[in-house]
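Order of the sequence lines sets the chain letters (A, B, ...), proteins ahead of strands, with each chain counted from 1.
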Amino acid sequence: MADPMKIRANVVGDSTEVKVLMNHEMETGQRKDAQGKTIPAWFIQNVTATYNGKTVLAAQWGPAVAKNPFLAFKFKGGAKGEKVQITWTDNRGDKRTDEATIA
Amino acid sequence: MNQIRWRLAAGVAGVALATFAAHAPGQGSTVDEIAKYRAALQDGNPAELWEARGEELWKRPRGPKNVSLERCDLGLGPGVVKGAYAQLPRFFSDANRVMDLETRLLYCMTTDQGMTDADARKQLFGNGNDRKSDMEAIVAYVTSESKGVKMNVALDDAHVREMYALGERMFYFRGGPHDFSCATCHGEDGKRIRLQDLPNLTTKEGAQKAYTTWPAYRVSQGEVRTFQWRLYDCFRQQRFPELVYGSDASIALTTFLARNANGAAFDAPAIKR
Amino acid sequence: MRISTCMTWIAVAAAAVGCATTPSDSEVNAKAAQMLKASFREAGQAKLDRLDQDDTQRTCSLYAGKALPKDVAARIEAANLATIRYPADGKLVGDWKNGEKIAQEGRGKQFSDDPKGPVGANCYACHQLAPQELSYGTIGPSLYRFGRTRGFTDETRKYAYGKVYNADAFAACSNMPRFGHSGILTDAQIRDVVALLVDPDSPVNK
Amino acid sequence: MDVKRRKLLKQGGGVTLLALVTAAGWAVPSAAVAQTWNKDAFDTHSLDETVKALGATAPVPSKDVTFVSTPDIAENGAVVPIGIVSNVPKTEAIAILVEKNPNMLAAVFDIPAGTDPSLSTRIKMGQSSNVYALVKADGKYYVASKEIKVTLGGCGG
């Protein structure tokens with residue numbers, strides 16, 4: 001079970017700044033364990049951010065995104081008290097959605 | 001335990017250094033650029049993920065007695081977390097022992113929550129998502145509640161005073177095949193290993209800077225490591241045998257360093273290479 | 001009690017140290033030694049005997065952070081000088097290319113390391129050597145142009161071999177491991193590291 | 001075009017970049033198909049292959065695409081902070097490519113209208129390498145590159 005994300009959303013000027021930390025191994029599929037067996041790839045493939053039902057960012061990731069990924073972006077508008085929603089899906093089909101209130 | 005990781009890290013280092021040496025700029029700009037690298041990491045510390053999980057673990061009823069750690073006394077009264085870490089280690093009369101945070105948590109898990117010692121120690125160092133460490137998460141949470149609080153370890157108690165004196169001896173103890181002591185690397189100003197700056201832990205400024213920035217999210221490991229781990233891994237590199245988690249030697253050294261950091265604002269969990 | 005502690009101290013510690021420290025100091029020291037044994041457990045190749053100090057380690061620990069008296073330093077240096085074994089065939093200089101590898105290698109003797117090796121000297125952790133390597137430490141002095149500065153002489157070669165073999169013979173309580181004396185490096189490895197320092201073709205001397 | 005090529009070579013360095021310029025058609029996923037994952041592009045092992053898989057048209061080196069808060073040297077390749085800002089009007093997508101990684105493509109971001117064409121993330125780098133920021137704006141393609149060196153220190157293995 002994946003742990004919750006840590007999402008911060010703050011109004012900066014006429015935009016909302018979003019910073020997200022995700023709990024994920026982001027295993028590359030290149031590493032070997034002590035027995036010399038390849039550790040299978042396990043990584044987030046898709047990230048979507050929505051505000052008021054509208055997609056404000058959509059990403060495709062490969063395993064080269066660092067472990068416990070960090071993502072920061074900004075979108076125009078966004079009102080204090082409203083919510084930003086982030087969803088990720090990984091290559092095992094695991095999915096996690098969290099939201100944060102814009103401050 | 002972390003053998004795979006260490007070996008991999010060493011392999012990467014070899015390749016990277018070779019490339020690096022071939023076309024790197026001068027030494028001065030190297031140091032500047034690494035400072036920039038560290039600065040760029042400050043915004044968005046994955047340790048926050050550990051803090052959140054730790055808070056949940058602190059408040060969740062666990063163990064055979066099905067109680068939360070909220071009755072655990074970290075020195076400021078049962079359940080008081082705010083500022084507690086800045087005054088540790090201290091003497092706990094219920095345990096008749098000087099304890100650092102990690103040792104105190106093990107005590108609370110076994111006495112209050114009724115866990116066996118083995119259960120409480122099951123995953124002291126986390127290793128990936130399949131082997132997460134509850135201890136590292138709880139410590140991340142508790143220490144985060146001392147952010148900005150000035151370090152204030154008291155030596156009024158004779159037990160703590162003795163631990164401090166023992167910690168100082170430990171700091172200068174040379175041993176193992178390499179004759180290393182803590183002081184070998186941490187006894188002078190302005191030294192570094194490879195490009196890694198070494199704090200001089202014999203000075204107030206050095207101890208303050210080092211002690212107030214642990215625990216830390218180690219980007220090299222993708223894990224939050226606590227001060228117990230810091231000591232454990234220093235001794236590994238000193239070529240000593242394995243430091244027992246929560247042992248008197250670990251508490252003595254922690255007492256020595258924490259006390260020397262008195263007066264500085266605590267600033268962790270941090271993020272380090 | 002105080003007297004007996006002090007006497008025990010003399011018995012176990014180097015006579016050089018004597019009763020210079022206060023009795024309470026040696027009591028703390030004895031307690032520290034006891035605590036140490038209870039606080040570590042053997043792991044991999046690192047057994048508990050690694051906590052048993054020899055005279056040099058014990059004396060250096062005691063004086064760490066303080067000024068080392070001249071006579072104590074002289075005694076430590078003499079004792080360590082006596083341990084140096086130069087190769088029987090008189091060959092002190094090996095292959096600098098291999099020496100560079102040994103100087104780069106950080107593994108060896110840690111409980112996490114494979115006991116079968118590799119074991120390196122990790123020179124770059126503390127010293128500047130070949131100028132191409134920018135990732136070097138500063139705990140020890142720069143050794144860039146070591147041979148060129150000191151001259152490509154028998155004397156330089158002998159000093160380099162001895163220094164790597166047992167650094168405490170030349171500077172009491174040095175931070176540098178006693179690579180030969182403590183069995184960290186083989187004679188062949190020491191020769192290669194010496195080559196890195198003194199071979200005119202080594203990048204260290206370019 | 002020749003001038004552009006030479007400029008590009010100077011900027012990014014290396015023969016592979018020439019291939020980048022001559023490749024055609026970069027298929028950027030649209031927000032509407034956000035849940036798809038371009039396996040072909042992520043499986044590529046060289047810049048040539050990646051560009052082919054993305055099907056990009058010749059990207060033009062652009063001073064309007066910049067790296068911000070991105071160090072020249074990463075102390076640890078496991079976490080390399082990358083910040084990219086595109087000042088090209090109508091930026092629709094930004095991709096991060098690492099020349100010497102086993103898989104070239106690190107990430108692709110769709111930038112819907114109303115979202116700032118600037119973002120920060122962290123990637124892994126196996127060794128020192130050129131990193132490319134590829135931008136799609138108004139149907140055209142732009143590129144900027146930056147060399148990032150990777151080092152590691154420490155006293156043991």
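Taking OH of C/Tyr86 as the reference point, atom OH of C/Tyr161 lies at 9.0 Å (rounded to 0.5 Å).
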message: Test side chain to side chain donor-acceptor pair (under 3.5 Å) on C/Asp113 and C/Gln45; report intermediate values, then the result.
response: CA-CA 8 Å; C/Asp113 291 330; C/Gln45 56 182 302; 5.1 Å; no

task: Evaluate the criterion ring pair (Phe, Tyr, Trp, His ring centres under 6.0 Å) for residue pair B/Phe92 and B/Tyr107; output intermediate values, then yes/no.
output: CA-CA 11 Å; B/Phe92 289 91; B/Tyr107 177 85; 7.8 Å; no

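In this structure, chain C has no heavy atom under 4.5 Å from any part of B/Glu168. When heavy atoms are compared at a cutoff of 4.5 Å, C/Asp168 approaches chain B solely by way of its side chain, counted from C-beta outward. For B/Phe180, the part lying under 4.5 angstrom from a heavy atom of chain C is the side chain only. In this structure, no portion of C/Thr56 lies under 4.5 Å from any heavy atom of chain B. Contact annotation for B/Thr202: neither backbone nor side-chain heavy atoms come within less than 4.5 Å of a heavy atom of chain C. For a residue to count as touching a neighbouring chain, one of its non-hydrogen atoms must lie under 4.5 Å from one of that chain's; by this rule C/Lys31 touches chain B with backbone and side chain alike. Of the two parts of C/Leu51, the backbone and the side chain both hold a non-hydrogen atom closer than 4.5 Å to a non-hydrogen atom of chain B. No part of B/Ile251 comes within reach of chain C, as not one of its non-hydrogen atoms sits under 4.5 angstrom from that chain.
At distances below 3.5 Å, at least one donor-acceptor pair connects side-chain atoms of B/Glu136 with backbone N or O atoms of B/Gly126.
Disulfide status for B/Cys182 with B/Cys234: absent, SG atoms not under 2.5 Å apart.
With chain C as partner, the option from B/Ser250, B/Gly175, B/Gly187 having the largest number of non-hydrogen pairs under 4.5 angstrom is B/Gly175. No other option in C/Arg178, C/His127, C/Glu42, C/Lys47 has as many heavy-atom pairs under 4.5 Å with chain B as C/Arg178. When each of C/Met176, C/Lys109, C/His181, C/Gln53 is checked for heavy-atom pairs under 4.5 Å with chain B, C/Gln53 comes out on top. No other option in C/Ala33, C/Gly108, C/Gly44 has as many heavy-atom pairs under 4.5 Å with chain B as C/Gly108. Ranking C/Ala38, C/Gly183, C/Ser174 against chain B, the residue ahead of the rest is C/Ser174, based on heavy-atom pairs under 4.5 Å.
Residues B/Tyr232 and C/Phe111 place their aromatic rings such that the two centres sit under 6.0 Å apart. Taking the six-membered ring wherever Trp is involved, the centroid distance between the rings of B/Tyr172 and C/Tyr63 does not fall below 6.0 Å.
Geometric assessment of C/Arg150 against the ring of C/Tyr159 yields a negative cation-pi assignment under the 6.0 Å and 45° thresholds. Both cation-pi conditions hold for B/Arg192 and C/Tyr136: the charged atom is under 6.0 angstrom from the six-membered ring centre and inside a 45 degree cone around its axis.
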